[in-house]
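Note sheet for the following structure.
Just so you know, residue 1 is the first one in the sequence shown, and it goes up from there.
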Amino acid sequence: LTTSSLLSQSSTKRGHASPQAVLQALSSAMQTVHARELRPMRDFYILRESVRKWVEEIVLTKCIPLKVFPVGTTVEVFGSSANGFGSPNSDLDMCLQLPHVPPNANGSAGISMSKEDGRAAMSRLATELQNAKMANVDTNRLTARIPVIMFNFPLNRANDTDNDEHKPDSDGSSKPNFLQCDISLQNPLAVINTKLLRTYAHLSPKIQVLASIIKKWAKARKINDPSHHTLSSYGYTLMLLHFLLQHKDVILVPNLQYLNPNWKPGMEYQEVATKSGSNGRGGRPQMNMHHPTEPNVITNVYFYYPKDEATMRGLQQMVKSSTTVASTTAAAAGHANNHIHPSSFPTPPAKQIHEESMERSLSVLLASFFRYYAMEFDYKKHVISLHCREGHVEKEQKAELDGWKCGSNQSNQNAPPGLSIEDPFETFYDVAHVIKTNSFHMIRKEFSLAYTKIVHACSPPPSPPNASPAATNSEKSIDEDNPLYYNTAKGVVDGFDLIQLICEPPAAPPVSPLVKRKPRSNSFAVNKDEDQ
């Protein structure tokens, strides 16, 4: 359904909640669910910082004196525990940052430790973690491109006799008694990437709310597990940012990788306009570094990073003004690409513009996000990318430059549509490379289903066949099996019901009568946030 038909249908049922009321209730519920369930609290960050300091102390006191790691090695947090898009259950990703060494004559990355020495050093660190009574120290990934140690940090280290993996809470439920941790060696791009995402997250609370609801939906609908060929939370975050950057009529968010480095609060928004770069796309400010693991690869890691609170407030004000304009533009502006857009709805009286538009824009953006990836994005031709200043990144271009097995060039004219997501800095890396064709179609179907549920909530429920006008406006004509439609038809709107409907788990497949269903396990399953 288009927005125009949605609005016209809403006027045919007396007493039915208006689309504006439904969207405003959904926005309010999204903010509440984010604040109560999905947003990490202060203790989340305190715990992770204490673990970081504890690991760094081991490096400083147990490893550096024995020359396992060079002097100046530090421990930094990256990923979902630091990028502003984490959940209360996010694990802790850390990396050992080695001191910078200038590149050698061959142009190799300025790393002060060879691969072999690095793996040996990480193996020694794993031994020290075991000696410190860390649980489940796993070194199976020390031979990876970037060596990684996985371990569980006991949350009850003060009581060494309690080694249960899960500890009953006061309400009798089981909660993990460990914090899952990863520590990698020399992963500076992950740290820079975390700073980029954190800057985007801090531009507006709306971005964090949208991301948390999208992740909640993806997890509930079973499309958020790379081990099962679906997309990681990091991938969904990039999809959200790409969607927000695609609005050309207003600046929903500034493109930080193209924002003029000389920009200051009070100045007009200005992206750097230079000649096309070597990657075939528009040039941007340069801040080059040697890739930590790929020889002779130079990575441009520039993005506009606010150096102080005043600069951040200037960026936040830019976003706040833009989202207000986007929600209050006159209806004559139309709705871009025929999807739900804030300007599609009637403009309220001037005194109500600010409060109502800021409330409603969250749900409008959520619906637009679902529709964009369900019906509008061209998966056969385009790549999801934050480098979309001059339009979409073409798959054909990625096939030529980075060897991606995608695109519509002459050698691959019959390539099926598929999901491809370009990493913001390691642009040769496809974040969605684990997704197979069947998984892609399932994910796209879920986008369409989520959008349809929002549209239906904004529309009156169907009347029974041959119903009289009196019966049409009575409670008897309402599908009482659907409380959401029942309430909206009475003019009562519950945004929490709509979130629950969008995020309801998929139905279990039918079980053959010859096969006995196994009993459900009551064991606790940690809801790990796959952010990297």
Side-chain angles (χ1 to χ4, degrees), residues 1-10 16-30 33 206-207 209-224 230-231 235-244 246-247 252 326-327 334-345 360-379 382 384 417 419 439-462 482 484-485 488 493-507:
L1 293 174
T2 64
T3 302
S4 300
S5 61
L6 185 153
L7 289 173
S8 64
Q9 288 186 32
S10 67
H16 184 274
S18 67
Q20 291 87 342
V22 174
L23 294 172
Q24 187 164 341
L26 177 57
S27 291
S28 178
M30 288 170 61
V33 170
K206 285 189 177 66
I207 300 175
V209 174
L210 284 167
S212 66
I213 297 297
I214 291 169
K215 289 180 183 180
K216 176 181 175 68
W217 159 79
K219 288 180 184 295
R221 300 300 298 175
K222 309 297 185 185
I223 53 172
N224 185 210
T230 55
L231 193 59
Y236 284 108
T237 300
L238 294 180
M239 292 183 78
L240 171 62
L241 294 177
H242 167 86
F243 161 75
L244 294 174
Q246 279 299 306
H247 287 72
L252 292 181
S327 298
H335 41 88
N337 299 323
N338 199 33
H339 65 277
I340 290 183
H341 189 276
S343 60
S344 305
F345 297 95
R360 198 166 60 240
S361 61
L362 261 177
S363 54
V364 171
L365 288 173
L366 181 65
S368 298
F369 170 84
F370 287 137
R371 175 166 179 126
Y372 178 75
Y373 287 112
M375 308 176 187
E376 297 169 10
F377 186 82
D378 191 338
Y379 293 94
H382 298 148
I384 294 167
L419 182 60
S439 300
F440 160 70
H441 290 299
M442 178 178 66
I443 292 172
R444 189 173 184 182
K445 180 180 178 181
E446 289 295 339
F447 281 121
S448 180
L449 180 61
Y451 173 73
T452 301
K453 289 178 179 179
I454 297 176
V455 171
H456 284 182
C458 294
S459 307
N482 191 327
L484 176 66
Y485 293 165
T488 54
V493 183
D494 190 332
F496 299 100
D497 283 348
L498 182 49
I499 292 178
Q500 184 176 359
L501 180 65
I502 295 170
C503 299
E504 65 179 350

For this session: Identify the heavy atoms of Ala457 and Val22 that sit nearest to each other, and give their distance.
Result: O-CG2, 3.5 Å
Exercise. Where do Cys503 and Ala220 come nearest, in terms of heavy atoms and distance?
Worked result: O-CB, 2.9 Å
For this session: Examine distances only and state if a side-chain atom of Ser212 and a backbone atom of Val209 form a donor-acceptor pair shorter than 3.5 Å.
Result: yes
Exercise. Roughly how far, to the nearest 0.5 Å, is the CD1 atom of Ile213 from the CG atom of Leu240?
Worked result: 12.0 Å
Exercise. If you measure from CG on Leu210 to OG on Ser368, what distance do you get to the nearest 0.5 Å?
Worked result: 10.0 Å
Problem set entry | pair Leu23-Cys458: side-chain heavy atoms closer than 4.5 Å | yes
Seminar exercise, completed: Residue set satisfying side-chain contact (heavy atoms from CB on, under 4.5 Å) with Ala29, at least two apart, ordered chain then number -> Phe496, Ile499
Exercise. For Ile502 and Ala450, which heavy atoms make the closest approach, and how far apart are they?
Worked result: CG2-CB, 4.2 Å
Exercise. Does the side chain of His242 come within less than 4.5 Å of Phe377's, by heavy atoms?
Worked result: yes
Problem set entry | ring-ring contact (aromatic ring centres under 6.0 Å, His included) against Phe447, all qualifying residues, sequence neighbours excluded | Trp217, Phe369, Tyr373
Problem set entry | Steps toward side-chain contact (heavy atoms from CB on, under 4.5 Å) verdict (Met239, Tyr372) | CA-CA 10 Å; Met239 292 183 78; Tyr372 178 75; over 6 Å; no
For this session: Could you please spell out the steps behind the side-chain contact (heavy atoms from CB on, under 4.5 Å) verdict for Met375 and Tyr451?
Result: CA-CA 10 Å; Met375 308 176 187; Tyr451 173 73; 3.7 Å; yes
For this session: Applying side-chain hydrogen bond (donor to acceptor under 3.5 Å, both in side chains), name anything that partners Arg221, two or more places apart in sequence or on another chain.
Result: Glu446
For this session: Taking all heavy atoms of Leu498 and all of Lys453, pick out the closest pair and write down the distance.
Result: CD1-O, 4.0 Å
Problem set entry | All side-chain hydrogen bond (donor to acceptor under 3.5 Å, both in side chains) counterparts of Gln500, not counting sequence neighbours | none
Exercise. Would you say Leu252 and Leu365 make side-chain contact, with heavy atoms under 4.5 Å?
Worked result: yes
Problem set entry | Sidechain-backbone polar pair: Lys222 side chain, Pro506 backbone, donor-acceptor under 3.5 Å | no
Exercise. From Leu231 CG over to Thr237 OG1, what is the distance, rounded to the nearest 0.5 angstrom?
Worked result: 9.0 Å
For this session: Could you check Leu366 against Ile214 for side-chain contact (heavy atoms from CB on, under 4.5 Å), going step by step and ending with a plain yes or no?
Result: CA-CA 8 Å; Leu366 181 65; Ile214 291 169; 3.9 Å; yes
Exercise. Are any of the side-chain heavy atoms of Leu419 and Arg444 separated by less than 4.5 Å?
Worked result: no
Problem set entry | Point-to-point distance, once rounded to the nearest 0.5 Å, from CD of Gln24 to CG of Leu362 | 11.0 Å
Problem set entry | Listed partners of Ser439 passing side-chain hydrogen bond (donor to acceptor under 3.5 Å, both in side chains), at least two apart | none
For this session: Evaluate the side-chain proximity of Tyr236 to Ile443: yes if any heavy-atom separation is below 4.5 Å, no if none is.
Result: yes
For this session: Dump the intermediate steps for side-chain contact (heavy atoms from CB on, under 4.5 Å) on Glu376 and Gln246, then the final yes or no.
Result: CA-CA 12 Å; Glu376 297 169 10; Gln246 279 299 306; over 6 Å; no
